[in-house]
Number of protein chains: 2
Amino acid sequence: MSKVNITEAELEIMKILWKSDTPLSSYDICDRLEDKTWKYTTVSTLLSRLAEKGAITYEKRGKSYFYTPLLDENAYKIRQAKKLIGKIYDGSLKNMVVALYENKEISEQDIQEIKKLFKL
Amino acid sequence: MSKVNITEAELEIMKILWKSDTPLSSYDICDRLEDKTWKYTTVSTLLSRLAEKGAITYEKRGKSYFYTPLLDENAYKIRQAKKLIGKIYDGSLKNMVVALYENKEISEQDIQEIKKLFKL
DNA sequence: TATTTAAAACTACAAATGTCGTTGGTGCTT
DNA sequence: AAGCACCAACGACATTTGTAGTTTTAAATA
């Protein structure tokens with residue numbers, strides 16, 4: 001259930017569901033996708049595909065369905081991070097950090113907080 | 001020229017080209033893709049698509065073409081890293097590092113080397 | 001209960017992607 | 001010069017993805 005792969009568009013839906021502490025209806029989701037200009041049917045299609053993949057589940061309440069994520073947010077993100085690092089940084093986070101650092105892509109604040117984290 | 005997007009399969013080709021210090025022919029590339037079971041035509045199609053996108057260039061030498069990367073390896077990797085961090089870690093590398101750290105996904109060696117890097 | 005209507009289901013379709021098969025041209029060998 | 005071998009060009013096709021229109025069903029209401 002945790003190895004589900006989702007697309008960019010589907011991820012936008014997942015983000016909404018992850019952010020909510022209660023199940024949401026398709027319309028709730030549309031509302032929270034303010035920036036996106038997706039039609040209801042588009043969101044609906046994405047929800048179907050996500051359910052098909054096992055990334056979400058739903059229950060009927062009244063006339064609508066209410067959706068809940070099954071795919072774990074943290075696990076998914078970790079998997080994606082590791083996938084990228086494996087693909088282009090030889091599996092080592094350090095390689096990625098070095099590359100970003102040398103390109104001045106890491107904020108001073110991030111540096112401080114990472115140092116603090118590693119000091120423990 | 002640097003904002004080129006390439007697919008997973010195309011990336012495999014780019015990796016070979018990045019690794020080589022001289023231009024390679026399609027057959028050279030096939031040879032170095034030992035794990036992949038791609039047919040010559042597959043590699044050839046990927047090379048065409050990459051050239052179309054401006055990610056590589058080529059010159060005719062004798063009967064074959066020899067390919068050279070145009071897309072900069074480091075720039076590409078940084079772009080991908082930033083893209084992922086922006087997409088799922090709110091744009092902050094720290095968030096990603098924290099997540100990986102808490103999931104015990106960072107090797108002790110990587111931790112040491114990152115600390116050293118940041119100490120400078 | 002018949003009617004209205006909101007929401008889900010079904011269908012569609014173009015572009016991108018992975019993966020080749022086939023055709024055709026050009027340089028190398030006799 | 002003719003034939004052969006090698007390689008590139010072209011075309012193809014299934015699958016995935018983004019995006020949505022249309023039809024059907026079931027809930028709400030008159």
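Worth knowing before you read on, the calculation uses all heavy atoms, side chains too, and leaves out hydrogens, waters and symmetry mates. Each chain gets a letter, A, B and so on, in the order its sequence line appears, and its residues count up from 1. It should be emphasised that the depicted structure is a prediction, and the values quoted were computed from it without experimental measurement.
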remark   = Among the nucleotides D:dC7, D:dG18, C:dT17, whichever has the atom closest to the side chain of B:T7 is C:dT17
task = Measure from OH on B:Y65 to C1' on D:dC7 and round the result to the nearest Å.
result = 10 Å
request  = Mind listing the closest non-hydrogen atom pair of A:D110 and B:S92 along with its distance?
outcome  = OD2-OG, 3.2 Å
key: Worked check of side chain to side chain contact (heavy atoms under 4.5 Å, CB included) between A:I16 and A:Y67   = CA-CA 11 Å; A:I16 303 283; A:Y67 299 86; over 6 Å; no
task = Please report the C-alpha distance between B:S107 and A:K94 in whole Å, then the side-chain angles of each, then the deciding distance to 0.1 Å, and finally whether the side chain to side chain contact (heavy atoms under 4.5 Å, CB included) criterion is met.
result = CA-CA 9 Å; B:S107 76; A:K94 176 214 39 164; over 6 Å; no
inquiry  = Could you tell me how far apart B:L47 (CG) and C:dT19 (P) are, to the nearest whole angstrom?
reply    = 15 Å
request  = Let me have a per-nucleotide readout for nucleotides 20-30 of chain C, 5' to 3', with B, S or -, counting only protein heavy atoms under 4.0 Å.
outcome  = BBB--------
message = If you compare all heavy atoms of B:L47 against all heavy atoms of B:I29, which two are closest, and at what distance to 0.1 Å?
response = CD2-CD1, 3.8 Å
Between D:dA5 (C1') and B:Y27 (OH): distance, integer Å = 10 Å
ask   = Rounded to the nearest Å, what distance is computed from the CG atom of residue A:L33 to the P atom of nucleotide D:dG18?
value = 14 Å
Spacing between A:E52 atom CD and D:dT17 atom C1', to the nearest angstrom = 13 Å
request  = Would you sort out whether A:K15 and A:E73 count as a salt bridge (Lys or Arg N to Asp or Glu O under 4.0 Å), showing the intermediate values?
outcome  = CA-CA 8 Å; A:K15 284 184 186 172; A:E73 177 173 13; over 6 Å; no
task = Take the protein atom CG of A:L46 and the nucleotide atom C1' of D:dT16, then report the distance between them rounded to whole Å.
result = 13 Å
ask   = Which residues, if any, of residues 12-26 of chain A bring a heavy atom under 4.0 Å of DNA chain C?
value = A:S26
key: Approximate separation, where rounding is to 0.5 Å, of B:D90 CG and B:N95 CG   = 6.0 Å
request  = For the pair A:F118 and B:Y101, evaluate ring pair (Phe, Tyr, Trp, His ring centres under 6.0 Å) and give the outcome as yes or no after the intermediate values.
outcome  = CA-CA 9 Å; A:F118 286 168; B:Y101 185 77; 5.5 Å; yes
remark   = Test side chain to side chain contact (heavy atoms under 4.5 Å, CB included), reference B:N5, set B:K53, B:E10, B:R79, output is B:R79
ask   = What's the CD-P distance between B:E10 and C:dT17, to the nearest Å?
value = 7 Å
Nearest-Å distance for atom pair CG/C1', residues A:L11 and D:dG18 = 14 Å
ask   = Is A:N103 reaching over with its side chain to a backbone N or O of A:E105, donor-acceptor style, under 3.5 angstrom?
value = no
